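Okay, structure first, notes after.
Below, all heavy atoms of this structure are taken into account, side chains as well, without hydrogens, waters or symmetry copies. None of the values given here were measured: they were computed from a predicted structure.
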Amino acid sequence: MANKVVLAYSGGLDTTVAVAWLKEQIDADVVAVAVDVGQGGDLEAVRERALKAGASDSHLVDARDEFAAEYVSPALKANAMYQQKYPLVSALSRPLIAKHLARVAREQSAEYVAHGCTGKGNDQVRFEVALGALAPDLEVLAPVREWGMTRADAIDYGLEHGLPITVNKASPYSIDQNMWGRTIECGDLEDPMIEPASDIWELTREPSEAPRTARYLEIGFERGTPVSVDGAKVTIAQAVDEVGRAAGEYGFGRVDMIEDRVVGIKSREIYEVPGALALIAAHSDLEELTVERELIRTKRSLELRYAQMVYEGLWYSSLREALDAFIESASQPVSGTVRLKLEAGSVRPVGRSSPDSLYDLSLATYDTADAFDHAAGAGFVKIWGLPSKVWGRTRKGKDGTPPRSPAE
């Protein structure tokens, strides 16, 4: 009896080749699972491609609402950006795909699940750690990691076996996409000195071709969740789409970075994330207006940890759950409107308002309406600076000169 393997299927080169390879190498009965996380395109064609590659069955799971509400929304509230640049496009979708992979494996009474990740990428970690947390009894197969083919070898294998592959050696890019953005890698992008070719961009135009007249967008939030764009009600997915399309028109949202992978190597990564970056900028700005100083300081430090943890595949962990609870609590006052100004290659907050604003004009103004107690400042400075004064006194030279710094 053939081994039943439930494969996370994207429709790309590696997973298409993996269908045929699993059948050839271990006589597998492959069940393909494609998960719609807002990547667009003809996903019914993707499902059919798996069958043409040799899968015995092919499932298409519409997880767009689930992805928006349970993965994108928490990441936005956390302002989650790995290395303060990457808004976790692929990293956010992998735990959700793993969840549905495990579900289908249960329904199919399969003992094996498989993914199409390489042996030096991040996604192998994300899939396998997630599956270990969700279904520790299932055995995970990693055909791409096992076969050791180069990308060119995989293309040759696909052509030799008559597989419905959609890439070629002239355009060998590996692309992953969901509603939060696009990831592009491989090919000439592996040389960090080569500027990305203009034809790799789909969500953003060249900044030099952006409209000459600036545009303004007003993003409404309720408890950290975007709920309107220019006064019109939107879902999270609609906010990402509408804001992303507008920001992309102005050439905003391109990230070209050297990234520290989980496996210990540095890689050059290209991301196209206009909606994610614009919404994070707006959300973060509104927090500065509405969240108390010590809370926002603590949250900012935890945002870095949150992004790192999700990037490293630890979505299903007690720490992530605890951080989400903290972030949800910190998000309670984050309601209001942020005005974004869109210009060539730039999206920036230029205005913000909130019913829960902590900005008090009578305390902030230098005008005649100033209600701040200036007289209290002198005593405050003396007490605040006392530790520094005591430290400086003990280090003062015998000749009465100020203390010398260690570098001197």
Side-chain angles (χ1 to χ4, degrees), residues 38 64-81 84 87-89 92 178-181 214-248 250 252-253 273-304 306-307 310 320 323-343 346-361 364:
R64 289 172 293 180
D65 291 342
E66 183 181 9
F67 184 54
E70 299 180 23
Y71 297 80
V72 170
S73 180
L76 173 57
K77 290 179 181 180
N79 302 313
M81 294 195 291
Q84 298 182 300
L88 304 175
V89 176
L92 275 181
N178 59 50
M179 70 176 63
W180 205 220
R215 178 181 174 182
Y216 294 88
L217 284 178
E218 292 197 350
I219 316 300
F221 290 86
E222 289 183 6
R223 297 182 179 182
T225 299
V227 294
S228 67
V229 176
D230 286 341
K233 294 286 187 181
V234 293
T235 64
I236 298 170
Q238 289 170 336
V240 177
D241 179 58
E242 291 184 27
V243 174
R245 281 190 285 108
Y250 281 83
F252 175 78
V273 281
L277 289 183
L279 285 171
I280 288 172
H283 176 265
S284 177
D285 187 83
L286 186 59
E287 285 183 315
E288 292 169 2
L289 183 70
T290 59
V291 181
E292 183 271 332
R293 183 181 70 178
E294 294 306 313
L295 178 55
I296 199 169
R297 284 179 177 176
T298 300
K299 183 175 182 292
R300 290 290 182 260
S301 67
L302 291 175
E303 288 170 359
L304 301 175
Y306 188 99
V310 175
R320 197 273 305 169
L323 288 179
D324 270 343
F326 167 81
I327 291 167
E328 190 62 33
S329 175
S331 297
Q332 296 310 297
V334 188
S335 298
T337 302
V338 176
R339 182 178 296 120
L340 296 177
K341 185 174 185 178
L342 285 61
E343 297 177 291
S346 168
V347 171
R348 57 194 174 91
V350 295
R352 69 288 296 165
S353 66
S354 171
D356 297 309
S357 172
L358 298 180
Y359 179 88
D360 186 334
L361 180 62

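- Looking at every heavy atom in both residues, Ala278 comes nearest to Val243 through CB-CG1, 3.5 Å.
- With hydrogens and angles disregarded, a donor-acceptor distance shorter than 3.5 Å links the side chain of Ser301 to the backbone of Thr298.
- The closest side-chain heavy-atom distance from Thr290 to Ser335 is not below 4.5 Å.
- Listed here is the closest heavy atom pair of His283 and Leu76: ND1-O, 3.4 Å.
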Verify side-chain contact (heavy atoms from CB on, under 4.5 Å) between Leu358 and Arg293, making sure each step is shown before the conclusion.
-> CA-CA 10 Å; Leu358 298 180; Arg293 183 181 70 178; over 6 Å; no
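- Annotation for Ala80 and Leu88: closest pair CB-CD1, 3.5 Å, computed over non-hydrogen atoms.
- With 3.5 Å as the limit, one finds a donor-acceptor pair spanning the side chains of Arg300 and Ser284.
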Given side-chain contact (heavy atoms from CB on, under 4.5 Å), test Leu217 with Leu342 step by step and report yes or no.
-> CA-CA 8 Å; Leu217 284 178; Leu342 285 61; 4.2 Å; yes
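- With Trp180 contributing its side chain and Val72 its backbone, the two residues share no donor-acceptor pair below 3.5 Å.
- Classification of Glu287 and Lys299 as a salt-bridged pair holds, one side-chain N sitting under 4.0 Å from a carboxylate O.
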Kindly indicate, with the supporting measurements, whether the criterion side chain to side chain donor-acceptor pair (under 3.5 Å) is fulfilled by Tyr306 and Asp324.
-> CA-CA 9 Å; Tyr306 188 99; Asp324 270 343; 2.9 Å; yes
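- Using a cutoff of 4.0 Å between basic side-chain nitrogens and carboxylate oxygens, Arg348 and Glu343 are scored as salt-bridged.
- Nearest heavy atom pair, residue Asp285 against residue Arg352, reads OD2-NE, 2.8 Å.
- Heavy-atom neighbours of Gln84 CD from other residues, nucleotides or ligands within 6.0 Å: at or below the threshold of 12.
- Residues Tyr250 and Val347 are not in side-chain contact: their nearest non-hydrogen atoms beyond the backbone lie 4.5 Å or more apart.
- Closest non-hydrogen pair, Pro87 versus Ile280, comes out as CB-CD1, 4.2 Å.
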Donor-acceptor pairs under 3.5 Å, side chain of residues 226-239 to any protein atom, not counting sequence neighbours: which ones?
{"residue": "Ser228", "atom": "OG", "partner": "Gly220", "partner atom": "N", "Å": "3.4"}
{"residue": "Asp230", "atom": "OD1", "partner": "Glu218", "partner atom": "N", "Å": "2.8"}
{"residue": "Thr235", "atom": "OG1", "partner": "Gln238", "partner atom": "N", "Å": "3.1"}
{"residue": "Thr235", "atom": "OG1", "partner": "Gln238", "partner atom": "OE1", "Å": "3.4"}
{"residue": "Gln238", "atom": "OE1", "partner": "Thr235", "partner atom": "N", "Å": "2.8"}

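- Met179 approaches Arg64 most closely through the heavy-atom pair CE-O, 3.4 Å.
- In this structure the side chain of Leu92 never reaches within 4.5 angstrom of the side chain of Asn178, judged on heavy atoms.
- At least one side-chain heavy atom of Leu286 sits less than 4.5 Å from a side-chain heavy atom of Ser354.
- For the pair Ile219 and Thr337, the minimum side-chain heavy-atom distance is 4.5 Å or more.
- Remark: Asp65 CG is loosely packed, at most 12 non-hydrogen atoms of other residues, nucleotides or ligands lying under 6.0 Å away.
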